[in-house]
Amino acid sequence: MPKEKTFSINNRRYLGNKYKLLPFIKTIVENECGNVKTVADIFAGTGSVASAFLDKDLIVNDILYSNHICHVAWFSPQKFSKKKVRDFIQKYNKLSVSTDNYMSHNFGNTFFSIEDCRKIGFIREDIEIQFRERRINEKERALLITSLLYAMDKIANTCGHYDAYRKGNLYEKHLEMLVPAFTRNLSKQNACYNTDTNELIKRIEADLVYIDPPYNSRQYCDAYHVLENVARWEKPKVSGVARKMNRSNLKSDYCTKKATAAFEKLIEGIHAKYILLSYNNMAEKGNDRSNAKISDNDILRILSKKGEVKVFSEEYKAFCAGKSDISDNEERLFLCICHPSKELIPSALNYTGGKFKLLSQLLPLFPQKIDVALDLFCGGCNVGININCKKVIFNDKCELLVGLLKTLGENSIDVVFEQIFKIIDCHNLSLVSKYGYDFYACNSQQGLAKYNRSGFNDLKKSFNNNKKRDAYFFLQLFVLIVYAFNNQVRFNAKGEFNLPVGKRDFNKKMQMKLKSFMERLQSGNYEFRSVDFSSVPLDELTEDSFVYADPPYLITCASYNEQDGWNETQEKKLLELLDKIHQKDIKFALSNVLEHKGLRNTILEKWLRRHSEYSVIDLNKDYSNSNYHTKNKDKKTREVLVVNYKLQEKL
C-alpha cells in the first residue's frame with residue numbers, strides 16, 4: 001500500500017513567510033521571555049510562526065480569509081473525523097470534471113488549465129454543499145478548503161504570487177489534494193480571527209504578541225486574490241488580465257503612508273508582557289515598492305513608549321520578483337519588554353472620601369480593557385489616575401479643585417515647587433524638611449499649628465481675596481490644603497476656603513507625593529472638566545469606555561455634604577444617569593454606602609431591587625479615620641461597588 005501523501009503548514013509559497021526563521025524566533029523567545037502561556041500572532045499569514053508555539057494557548061489572526069480558513073484547519077481545537085477528511089480528498093482526486101463553472105469561466109487557462117479550473121470549481125462548490133447539509137463540521141470544512149488551496153498553490157502558473165501569470169506556459173502539473181498533517185493536543189483556548197488587527201487588539205490580551213505586518217507597498221490581497229476568491233467562494237465579478245475581484249475592503253494601511261500612524265495605534269492598544277516585531281531593513285535598498293514603510297527611528301520611538309526594547313538580527317534573502325543585487329539584508333526582531341501595569345500612586349490631595357486605600361479591591365473589579373475612563377466625581381483623582389486605559393476624563397463640580405489639578409498637570413515640576421516654596425516663605429510658614437522641629441520650638445506630636453496659625457490665616461485671606469485664577473492662585477490653594485486641618489479641602493457658601501490650620505507642613509513625604517502625582521499627570525492622556533455630573537456628555541463614550549462614579553454619600557456627614565451639597569434629588573438623578581449609561585452599553589461602576597452607623601440608603605436599595613442585572617460587591621472599609629464625629633460608632637458601615645457588567649473573569 002503506497003504511503004499517504006501529506007502536507008504541512010510550511011508547504012506553501014507566501015511573501016515574507018517566516019518558516020526558515022523559526023529557530024531564530026524561538027531562541028529569542030526562550031532566552032528573553034519568561035512565563036509565556038498565551039501567544040498572539042496577529043498578522044499570521046500562513047500561520048508558520050504560530051505553529052512554533054503549539055504548546056501555548058494561541059490567538060491567530062489575518063485579514064485574508066484564505067489565511068484564516070487555514071488557521072482554523074491548523075489551530076482550531078474543534079473535534080473532527082480524520083477518516084472523513086481522507087475519504088473526501090481521495091474522492092476529489094479521482095474526479096474528472098467536464099462541465100464548466102465559475103472557475104473555468106473566469107480563470108481557465110490563466111493561472112491554471114481549464115481542466116484544473118473545472119475541477120477546482122466543482123470541489124469548492126461540493127465542500128460548501130457538504131457543510132450546508134451538515135455532513136462536515138467547520139473544522140472538516142476548513143481542512144478540505146486548506147487542502148484545496150495548498151494544492152492550487154502547488155501547480156499555479158505564477159512566480160509565487162497572483163499579480164500575474166506566465167503566458168504561453170505549458171500546464172504540466174495538475175491538481176492533487178493531499179492530506180493535512182494533523183496536529184494533536186491543541187489547546188482548547190485557541191482562537192482564530194479574521195479581522196482588522198488594529199480592531200482586534202482592543203479585545204484580546206496575551207503574554208506574547210508577535211507582529212509581522214506588511215513591510216512595503218505590496219498588498220497581500222493583490223498577491224493572493226485568486227486563493228482569497230476560492231476561499232470565500234462568493235463568486236464575485238473579476239476583471240483585468242489577472243482576473244482580480246474587488247479587494248478594496250482588504251487593503252492594509254501598513255502598505256501605505258498611513259503605516260506609521262497605524263503601527264503607533266496598534267502598539268498603544270496592546271495588552272501583553274512582551275511584543276515581538278519582525279521588520280526587515282529594506283527601508284532604502286529596493287525599489288519604491290520594496291522599501292519599508294516604517295522607519296527604524298519610528299519603530300524604536302513607538303516601542304520605547306511601551307517598554308524596554310532590544311533588537312536582534314539575522315541575515316536573510318529578500319523576496320524579489322526579478323533580478324536583484326540587494327545584499328546585507330537582515331530580518332530584525334524588535335523585542336519590547338512591556339512596562340508592568342501602573343504602580344499605584346496616591347493623590348497629592350487628601351480629599352475626603354479618597355479611594356486610595358480601596359484601590360486593591362476596586363481595580364481588579366474594573367473592566368480589563370478600557371479605552372476612555374470617565375471619573376465622574378474625581379475629587380483628588382486617586383481612582384482615575386491609577387486606571388490602565390488610553391485616556392481618563394476627570395470631572396468634578398468644584399471648579400477650584402479642577403483648576404488646581406490642571407495647574408499641577410500643565411506646569412513644570414521645578415516651577416511648581418519653586419512657587420510653593422516662595423508662598424511658604426512669603427507667609428512665614430514652617431518647613432520642617434529644611435529646618436527641623438526644634439527650629440519651631442515644637443515636636444512631631446505637638447505639631448506646628450501654633451507656629452503656623454498666623455501665617456496660615458494670612459495666606460487664607462490672600463487666597464480668598466485673589467480674583468486672578470492664575471497658576472499662582474491655585475498653588476496658594478495647594479499650600480492652604482497642605483497646611484490645613486487634616487490636609488483637607490472645604491469652601492463656605494461664598495466659595496472661600498474656610499478650614500483652620502493643621503499640625504503638619506510641606507514635609508518630605510508630601511513633597512514626594514506631589515512629585516509622583518505630577519509626573520503621572522504629565523505622562524498620561526488626561527483631560528479635566530468641571531461640570532455638574534448630569535451635564536457630562538456621553539456621546540464620545542463607546543462600548544469600550546468605562547464610567548466610575550464616586551458621589552458624595554447621602555447618609556454620611558463629610559464636608560462635601562454640608563450646605564445641602566448632596567441630597568435625595570441628586571442621588572436619584574445620578575441613578576437615572578447610570579441607567580442611561582447602561583442603556584448605551586457603556587460599563588459603569590458606582591461606589592456608595594448602603595448602610596452607615598444605623599442609617600440606610602433606601603433610595604439606593606430600591607434602585608438595586610429594580611435592577612437585578614446589576615451586581616453588588618461588598619468592600620472592606622470603615623470611616624474611623626474621618627475628620628467628623630458621629631454617635632453609634634459600634635454600628636456597621638456597608639460600603640459597596642455596583643457594576644453593570646459580568647464579573648466572572650475578574651473574581
Side-chain angles (χ1 to χ4, degrees), residues 346-357 377-382 396-405 408 420-421 423-433 435 437 440-466 473-514 517 552-553 556-566 597 621-631 633:
S347 170
L349 309 178
N350 185 26
Y351 201 78
T352 302
K355 291 294 185 292
F356 182 73
K357 292 182 179 179
F377 303 84
C378 71
C381 302
N382 274 302
D396 200 282
K397 188 177 180 180
C398 181
E399 294 181 0
L400 293 176
L401 174 66
V402 172
L404 171 57
L405 293 168
L408 298 179
I420 288 173
F421 288 127
I423 293 167
I424 291 170
D425 185 63
C426 179
H427 294 279
N428 296 312
L429 296 170
S430 67
L431 193 61
V432 168
S433 62
Y435 299 105
Y437 277 102
Y440 303 106
C442 66
N443 56 42
S444 175
Q445 186 175 358
Q446 292 171 326
L448 298 154
K450 184 177 179 179
Y451 178 86
N452 283 327
R453 185 170 287 109
S454 176
F456 179 82
N457 289 335
D458 182 53
L459 172 60
K460 185 161 57 173
K461 182 179 179 181
S462 175
F463 169 78
N464 288 334
N465 290 331
N466 190 346
F473 167 83
F474 288 110
L475 292 179
Q476 281 185 313
L477 173 58
F478 178 78
V479 176
L480 280 173
I481 294 169
V482 170
Y483 285 77
F485 179 73
N486 274 5
N487 307 121
Q488 292 190 0
V489 185
R490 189 176 70 186
F491 302 94
N492 61 23
K494 297 179 181 179
E496 298 173 336
F497 191 91
N498 68 342
L499 280 169
V501 68
K503 295 172 62 176
R504 303 287 174 248
D505 69 4
F506 194 46
N507 54 40
K508 282 289 186 184
K509 182 178 180 181
M510 184 65 72
Q511 292 173 33
M512 291 175 62
K513 283 175 66 175
L514 176 60
F517 187 66
Y553 293 166
T556 67
C557 54
S559 58
Y560 46 55
N561 274 356
E562 295 171 352
Q563 305 160 24
D564 201 28
W566 189 260
K597 302 189 185 302
K621 179 73 166 64
D622 62 48
Y623 290 87
S624 58
N625 195 38
S626 298
N627 69 321
Y628 49 84
H629 304 280
T630 61
K631 299 178 181 179
K633 290 185 178 181

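Keep in mind it's a predicted model, so treat the numbers as computed, not measured. The residues of the chain are indexed from 1 along the displayed sequence.
- The two atoms that bring Gly379 and Leu405 nearest to each other are O-CD1, 3.7 Å, heavy atoms only.
- Under the 4.5 Å side-chain criterion, counting only non-hydrogen atoms from C-beta, Val479 is in contact with Ile424.
- The minimum heavy-atom distance linking Cys442 with Gly447 is given by the pair SG-O, 3.5 Å.
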Worksheet item: Does the side-chain contact (heavy atoms from CB on, under 4.5 Å) test come out yes or no for Tyr437 and Ser430, once each step is laid out?
Response: CA-CA 9 Å; Tyr437 277 102; Ser430 67; over 6 Å; no
Worksheet item: Do Leu514 and Leu408 pass the side-chain contact (heavy atoms from CB on, under 4.5 Å) test, and can you show the C-alpha distance, the side-chain angles, and the key distance before you say yes or no?
Response: CA-CA 9 Å; Leu514 176 60; Leu408 298 179; 4.0 Å; yes
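- In terms of heavy-atom proximity, Leu499 sits nearest to Phe485 at CD1-O, 4.4 Å.
- One finds the CG atom of Asn486 at 13.0 Å from the CD1 atom of Ile481 (value rounded to the nearest 0.5 Å).
- In this structure, the ring of Phe506 has its center no less than 6.0 angstrom from the ring center of Tyr483.
- Panel note: side chain Asp425, backbone Phe421; no donor-acceptor pair is recorded below 3.5 Å.
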Worksheet entry | Verdict with reasoning, Leu400 to Phe474, per side-chain contact (heavy atoms from CB on, under 4.5 Å) | CA-CA 8 Å; Leu400 293 176; Phe474 288 110; 4.2 Å; yes
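- If you check the side chains of Asn382 and Ser347, you find no donor sitting under 3.5 Å from an acceptor.
- Leu448 CG to Leu429 CG: the interatomic distance, rounded to the nearest 0.5 Å, is 10.0 Å.
- For the atom pair Lys450 NZ and Tyr440 OH, the distance stands at 16.0 Å (nearest 0.5 Å).
- Atom CZ of residue Phe377 and atom CG of residue Asp396 lie 8.5 Å apart, to the nearest 0.5 angstrom.
- Of all non-hydrogen atoms in His427 and Ser462, the two that sit nearest each other are CE1-CB, 4.1 Å.
- Gln446 and Ala441 get closest at one heavy-atom pair: OE1-O, 4.4 Å.
- Side chains of Ser433 and Asn507: a donor-acceptor N/O pair is absent below 3.5 angstrom, by distance only.
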Worksheet entry | Residues Phe491, Leu477; criterion side-chain contact (heavy atoms from CB on, under 4.5 Å); working and verdict | CA-CA 11 Å; Phe491 302 94; Leu477 173 58; 3.9 Å; yes
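- Asn466 meets the side-chain contact (heavy atoms from CB on, under 4.5 Å) test with Lys468, Phe473, Gln476; sequence neighbours excluded.
- Side-chain atoms of Leu349 and Cys381, non-hydrogen and from C-beta on, never get closer than 4.5 Å to each other.
- With hydrogens and angles disregarded, no donor-acceptor distance shorter than 3.5 Å links the side chain of Asn452 to the backbone of Lys503.
- For the residue pair Arg490 and Asn498, a side-chain donor N or O sits within less than 3.5 Å of a side-chain acceptor on the partner.
- Heavy atoms only, all atoms of each residue included: Phe497 and Lys460 are closest at O-CD, 3.2 Å.
- Remark: Asn465 CG to Glu496 CD distance equals 7.5 Å, nearest 0.5 Å.
- At most 12 heavy atoms of other shown residues, nucleotides or ligands fall within 6.0 angstrom of atom NZ in Lys397.
- Residues Asn487 and Met510 have side chains in contact (heavy-atom distance under 4.5 Å, counting atoms from C-beta outward).
- Between the CG atom in Asn428 and the CG atom in Asp458 there is a gap of 8.5 Å [rounded to 0.5 Å].
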